[in-house]
Each structure stands twice: as structure tokens, then as C-alpha cells.
Amino acid sequence: MRRWPAACRLLAGLALYGVMAGAAATIENAYLVHLLILSCIFAVLVMSQNLVTGYMGLLHLCQAAFYGIGAYASALVAMKLHVGVPLACLVGTGVAAGSGLVVGVLSIRFGGHYLAIVTLGFGVIVNQILNNWVGLTRGPMGLSGIPAPPAIRLLGLTIAWTPYTYLLGGLLLVFLTYLVLARIRDSKVGLMMEAIRENELAAACVGIPTVRVKVAAFTLAALLAGPAGAMYAHYSLMLVPELFGFFDSANLIAMAVLGGLGSFAGSIASAVFFTVVPEMLRVAGEWRLVIYGGLLVVVVLFFPKGLAGLGTLVREKIAGACGRRSSRPPIGEGEARGAP
Amino acid sequence: MKQCFRFSAPLLAVLALVLVEMKDAAAGTPPEVKIGLPIPLSGSGASIGQRFQKAATLALEDLNKMAAGKMAFVSATADSQCEPKGAATAARKLILQDQVNVMVGELCSSATLAIKDLAGQNKVPLVVPDSSALNITEQGNPYTFRIIPHEVHQHTALARVAINYFQLKTFVVAYEQTDAGVGAGKAFINEAKRLGGQILDEIALHRDSPDFTPVVTKIKGANPAALHLTMLLDPSVRFLKALHEQGVAKPVLSSIWYAYPLFEQLTGPASEGHIRQLFYISSSKDPLAADFTKRFTAKFPGEDPDFNHAQFYVAVRLVGEAALKYGPSREDIRRGVAATREYPSAIGPLTFDDKNQVRLTPQSIIFIQTKGGKAIILDDQPGFDKKKILGF
Amino acid sequence: MDATQFVVQVFNGLVIGSTYVLVALGVTLIYGILRIINFAHGEIFMLGAYLAYFLVVRGHLNYWVTAGLVMMGCAILAVVLERVAFRRLRGFELGPLITSIGASIFLQNLALILFGGDPRSLPTPYLERIVHLGPFVFSVQRALIIPSALALILGLYLLIERTTMGRMIRAVSQDWEVASLMGVNPIAAVVLTFVVAGALVAVPSVLVAPMLYVFPLMGVTMTLKAYTIVVMGGFGNTTGTIMAGLILGVAESMVAGLGASLWVDAVSFLVLIAFLLVRPYGLVGERREENA
């Protein structure tokens, strides 16, 4: 894909989107559609988590807070200021990006595990504000009655917001996020991020503006989480602070690692896998979460490169069978290491 | 093309899911009524969810006996985890995948609110057995029914008993910062003030506090005549133990959150003097309540039924009987439940008002006080004129 | 809050803090040697409490005998955890984080199924004996906590500083490769660390559980507090952890005593972040080389 001219890539992307939209249209099971919508939202979140943790090698534990800020900001702006949902989503994204900037600035001073705890603290403080500022957010009672997006008027057609439309929107969001992140990965900035991940001191010595890159990475991760949050808000029409706590952030990290750090495609697969699998485990009744916990342990022990690692294995087997050497290994091959 | 493999992972995942679509079960010959049970089976509400399951099993048995082959009652359970996201997903599964005719659940008010919207959108009747937040029924949703009086009713009644019968004048009100906790606290405060009581302090609490001693020390300093507490069972036990340890021997008032006798077993001497109100107690002499107690203990020996069991049992029985009388479809059941008037049950006679909410009546509520680890039913005490105290 | 209340709240805080310290010390020791945070530590605490419940209530064993048995039980559990979840993952920094989260979920829900969600009461004879000492009112049970914590901290100090085993642990914590070149068995040091960590967290299980009650999710808050304290004190630094734990306990007590219980967690983290801004290597930590 990298060697193709931009126009071809764009066409291929559009074609793929079309195929997936078509496949989605054949799904009759509305419950499955719901799961896929959630998967799309989580795919975006896991990819943005991966940007900071996989590419930059910085462990941050507040991705769920960025997501929550995007969701609440969008919902509140839509409800209290009575602006349209699209504008509210933009505002939500902006506010989330702002919070990413704050964390980015904090990251200048701290690295490694200290950064982890500072971001954890940031996440807890945001969660507590959402929970305790009852006048604004209705606290644990939650916000309900969030407005749904208005019907789209396009080329004389009026498209109402059905679960299927939400799924299309979700897929679009996933695609756009992937494109943005892939672009960054393949650019100079991506190389700079990898350099910082490998050895920050050395990177600074060769003239890489580490501070700016780190701040930019955090801001971007939050910027991408914002629309995911807004989408969740205007889809489920109800928000509670419980959705955006520490364990949700920890879950996102787990999904990023299990998808393969540094592989965005792996992140998407992981999000789908970990949204659908707990649902499929419902047949196990009360053993559901026991199996889920055990699964996390087993997958990390035996598939440390995650789903992306599996993908690489499959690709290499096929390439080997075709008698060709495999292409340059994906970034996921290297291990992400945080600065101590 | 090699590069296409990069996209293959997510694409394959989606297509695999499309192929792995789960199919519905075929319907049997007698019309089947599938009752959906979105209840918490993991997380903090799990212990109560387990009670709900047992109650549902008994109720389904009774319903199938009553139906005598005319209808087949089955259930579909989904773990709703006592929070909105899990509850919404569980409800969607029950409605869209399992195609249930009616739902009975949840426990936590925020989860119930999430389910109620979905139930209304999909035209599936929902009967709420145990959540007390006001706004579950306040807007009047034609598909949501609640079989117990809500928090305003409950705590207004409690305030009247505290002031009119026990002659308590000063209170400290403590509650957990959740829908149900805040609503309960505010309802009590409003009524207590209206009756001339004095609120010395209002404290919002965190369920997860590992140690309540600092808060208890503060309450000790305020020295109220009584304490009004609304918090989940588990943290309340810790709170009461802290009160007991610090020597704060004032009566504690609460409504339906603490099952008898589990609460007394856990708190031990710390429960002395505790006053609370319930809709069912296993020692109740009311014929329907006693009958339920007998049959439950026969089916599950060694387990004492509490109001969680009773309320859930009544809810499932109610929807089943509505189906038997009016028909098995979702709309039939909805009409049947809405038409409920003076339905005799283990928690008193039930009538739905125009908001599909059961109102408080003297027959439905029971007040108890704990002495020596045992519950004394105040209604049976001489001098306790329930109708007069509650102002009916 | 008047002066008497203030003093009482400080005392309450020290009691809370001592509990945190005992849990956090285990986490800090594990971090020191393996550079990983063990998220399943709270679950060892929880399982220790259940073991204590079964031994005391069902087995009718003496309380102090139970305490000893629970210490052994928790130590074994910690070692098993290390073997299963962490041994294979040396060098993969985020791996142990996730396996410990997975182990935590696994154990919580297993306990839920095996023991049921209903909380259990763990009665001891010391709960009912209340002591009045001026403005201080507390049960003998609570009074046991601070002295036990002190005794254990002293014991830990002696172990780490004065014995060969302690030297092994310190060596491997400082530099794994060099220590093994010098003939120290690093795996043995790791196992030893987990034994100590398990034994340490068993003490709060046994002492504090009677004041709470035993239920499957009781370890969750503990883990989070432990993580905070370990960072505040400086990763891997035991003295710092002790100080941080006590400070956090007192701060929480003060905030709750002022009636603002809801903001306790936020305040803890603000305090933490403020500390980090002022003393980024923890209260008594030394500067560590980045990218070692």
C-alpha cells in the first residue's frame, strides 16, 4: 500500500469501505449490529491508545478519561446550549484534545512509570469531577435524554439514524482514524516517535524535538478519542461516570497489547474480538468473567505479539509457501519499552 | 497483494462474525412466553442477582403449574452487571436476540433507567421489582411498571414513623452518592423538615471507602437523635460497625436496602435499635407472605427468603398471570399488567396508578426494629397505629 | 473540627495508613525486583481474608494460629501467581501488567462463584472489647493494627538489611544481570520476594477483615491505593512507601472528617501529583538513570 500512488490508495480505501458497508447491510441480527457499533468505537479508542503506548512507548492510563471528556462535553453542549449534534461533537472533540494537551505538557516532566501514575491520577480526578459536580453532570445519576443526531439530508434523500446508519458512521470513523494514524506512522513524525521510544536521550541528541513530539502525540490521542466519545453519547443517549474509570483505561491498554503494540490493524481486530468475545461467553453464565480473566493471562503468555503477531505468522507462512521472502516486518515486531 | 493482508485482520473479523450469526430458537407448540431477566450476576449486585434467580425459578415453576399446558413459561437471563452499559447490552440481547415477550429487572437504578428506554423503544413491557429511584416511572412510560412504591413514598413514610411514633427530633442524613442514595436522602429530609424535625448534617458517602471512622467521628460530634442511612448493604455494614465501635448508640433509619436476617447476621450487636421498613419479611403472618415463605424454604432448604426474593417472585408471577389472562404477545402482556388492580401478592395488594407505579398503602409496608439480633414487627406492637402515623 | 477531633482524625488516619502500608510494601518489593506492578495483590489480600474466615468460623481454630496459617497461605499464593503470570514475561514490560489484571479479574470472579456474593462476617473476641483513652475510642482489634505494622516493618528492615536473603533481594533489585554473574540465583530472589510480599499482605487480611467483612471484591480498592502509595514513595523504595502510606491515610481521614468523603480519591491524587512535581523521585528516592 505504501508504494502505491495516493490516488490508488484512496480508491482502494473507498472500495473497501463500500464492501464492508455492503456486508454490514446483510446483517439481520440487530443485536450483532449493536456489538459492531461498540466495536467501532473501541477500535478508535484502542488505536489512539496504541499511538501513545505502542509507538511512543509511553504508558498512559487516562485514555478512558479523554473518551469520557469527549462524550460528556458533546452531550452537555448539545443539551444545555441547544446546538446541533454535529457542532456538539466538534466541541466535544476540541475539549478532549485540550485535555490531551494538558496531559502532554505533564508528560514533559515525567516519564515511564511516573507518567503512568500521573495519568492515572488525571483519570481519577476527571472521573471524580464527573461524579461529584452534580450540578453540571448530574453525577452518578447520569445524563439521560441526550439528543440523537438529526436525520441527514443528502441529494434529496432523508436518511434517518437507525442502528445500521450508526454502524456506517462507526465504520467511517474507524477508517478515518486508521488513515490518519497510518499516515503519521509512515511519515517522518512516525520515525521520530519510534526513535523516542527506543532511546529518548539519544533521540534528543540527534536533534529530534522530543518535547513537541510527545505533546503532539498525547493531544492527537485525545483528539481521536473525542469523536469516539461523542459517538457513544449520541448513540446510547445515556452517560454515567462509571463508564470512564481506571479499569476502562486498563482495559484499553489490555486490548492494545493483545492486538499487538504498534499495529493499528491489530488494534481494530482486538477491539472487535474483545467486544464480541465477552458477549459470546454469555453462554458460560456466571463463569463468563472468570474465563475472560483467564483468557487475558493466556493470550499474553502465549501470544505476546498479540493478534498482529498472529497476522504476521500467517503472512509469513503464506509468503514462504509462495516461495517469496516476506516484506519488511511490521512495527509490532519490536517490543515497546517504557522509559524506566 | 501483500499489503492487503494488513487490512485482512479486521475485514476477516467482521466477515467471520457475519457468518457466525446466531439463530433464534423455533417456537414450541403451546404458545411460549419467554420472560427476559436482565439481572446482575457479576460485580457488586451479584449476591442479590443470585437471589433473583432463585425466586424466578420458583415463580416459573408455579406459573407452569398454573398454566397446565396451555402456555409454556421459560426464561432467558442476561448478566446486566448493575450498571448502564452492561444493562443496555444485556437488554438488547434479550430483546433483539432472544426475542423475549417481557422483561423483569434490574436492581441498580441507573441500570434500570438504561433498560427502560430500550424497553420503551422496542415496545417490550418491563416490570421493575427492586429499584427505587423516582424517575424510573415519574415521566409515565407505558412500558415500564414498578411493583414497589418509589423512594419518595418510602422515605416520607419512614420520616413520619421516626417523628410521629419515635418522637425523634434531630437527624444526620448520610447516603451514597448514587441515584437511589441521593433521592432517598432528599426525600427523607424534605418530609422530616416539613414535620418540624431538624437536619443537623447531610453527608454524601463513597461506597468504596475502606474506613468510615473519620465520618463517624464527625457524626459523633454532631450528636443527633437518630441517623438516616442509605447505602448498599456491604458498605453499610462497615459503617454500622464503625458507629458501634465509636459508641454511637443512636437508632439508624433505613428503607428496604438491608435484607433480614442477613443484615443482623453481619452487623451483630451493631444493628441494635435499627429501624427499617420492608415490603416483606419471612416472619410475616400475612397469609400470602407466609405461603411464599413456606414454599420457598421447601424448595431451597436452608435459605431464608428476604424481600429481594419476594419482590422478584411477585414480579415474575404478575407478568405470567397477565399472559395467561390476556395473551402471550408483548402487547397482550403490557395490557394485562397495566390493568392490574388489587392483585393479591406476598408484598401486599398491588394496583398500578396512571404512571404504572404502585402506591404506598398501609397493607404493603412493614416497619421493623432490631432488638437482640431479631426483628420486632412494629405493626404488631400495641400503640403503633400505622394508619394514623402515616396519615392515611 | 476542633482540636480534639483533629487529633482523633490523625489517629484514625494512622490506622488506615498502616493498613495501606502493609499492602503497599508487598507491591513495592515486587516492583523493586521485577520492575512490574502487581495488580492482583489486592486479590491475595481477599483470598487471605476468606482463608481466615474458613479457618476461624468453620474450622474453629484459634485466631493467632489462623494468622500464622494465613501468612503461609498467602505466601504460597503469591509464589504461584508469580510462576503462572510473570515468570515467562521477563523483558516484556507491559505483559505482566496485563496478566496481573487478568489474574485479578479471574480470581475475583472465581471467588464470587465459589463463595457466593454474600459478605461474611469474621468475628473475633477483640472486636467487642472497646478501649476508652481520653478522647480516643477504639476496639482492641483496631489497636492491634499499628503495633503489628511496626513489628512487621521492623522485621522487614532486619530481613532486607541484615540477612543474606535480604542481600540477595537487594542485589537482584539493583541489577539482575550483574547479580547473577556474581553467583546470586535471581529466580530464588524473586520467589523469596513474593513470599515476603504475600506474608506481608496476609496481616491486613487477618487483622482488618473482622472490621470490614469478607467479600469477593474487597481487594479492588486496596490495589489502587497500593499503586498510588508505591509511586508517591518512590518506586521500589520501602522507606518512602511507609511514609507515603501514612501520609495518605491521614490525608484521607482529614478530608473525610471534614465531610468531603466524596473527594477523597481526587484529593489523594492531587497530593500525589503535587509531590511528584516537587520531588519527582518520590519522598526519599534517589535519582534513577533513564534508559538504563
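In what follows, chains are A, B, ... by sequence order, proteins preceding strands, each numbered from 1. Basis for what follows: all heavy atoms, side chains included, without hydrogens, waters or symmetry-related copies.
Using a 4.5 Å cut-off between heavy atoms, Q53(B) does not touch chain A at all. Heavy atoms of T89(B) lying under 4.5 Å from chain A belong to its backbone as well as its side chain. Both the backbone and the side chain of A78(B) come within contact range of chain A, judged by heavy atoms closer than 4.5 Å. Of the atoms belonging to A90(B), heavy atoms from both backbone and side chain fall under 4.5 Å from chain A. For V174(A), no part lies near chain B; criterion is any non-hydrogen pair under 4.5 Å. When heavy atoms are compared at a cutoff of 4.5 Å, Y232(A) approaches chain B solely by way of its side chain, counted from C-beta outward.
Using a 4.0 Å cut-off between charged nitrogen and carboxylate oxygen, K85(B) and E242(A) do not count as a salt-bridge pair. Ion pairing between a basic and an acidic side chain is recognised when a charged N comes within 4.0 Å of a carboxylate O; K186(B) and E151(B) show no such pairing.
Side-chain contact check for S109(B) and T112(B): no donor-acceptor pair (N or O, by modelled atom type) lies under 3.5 Å.
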Please walk me through it: do F42(A) and F274(A) pass ring pair (Phe, Tyr, Trp, His ring centres under 6.0 Å)? CA-CA 9 Å; F42(A) 276 100; F274(A) 282 99; over 10 Å; no
Side-chain donor-acceptor pairs of residues 113-121 of chain B under 3.5 Å, sequence neighbours excluded:
none

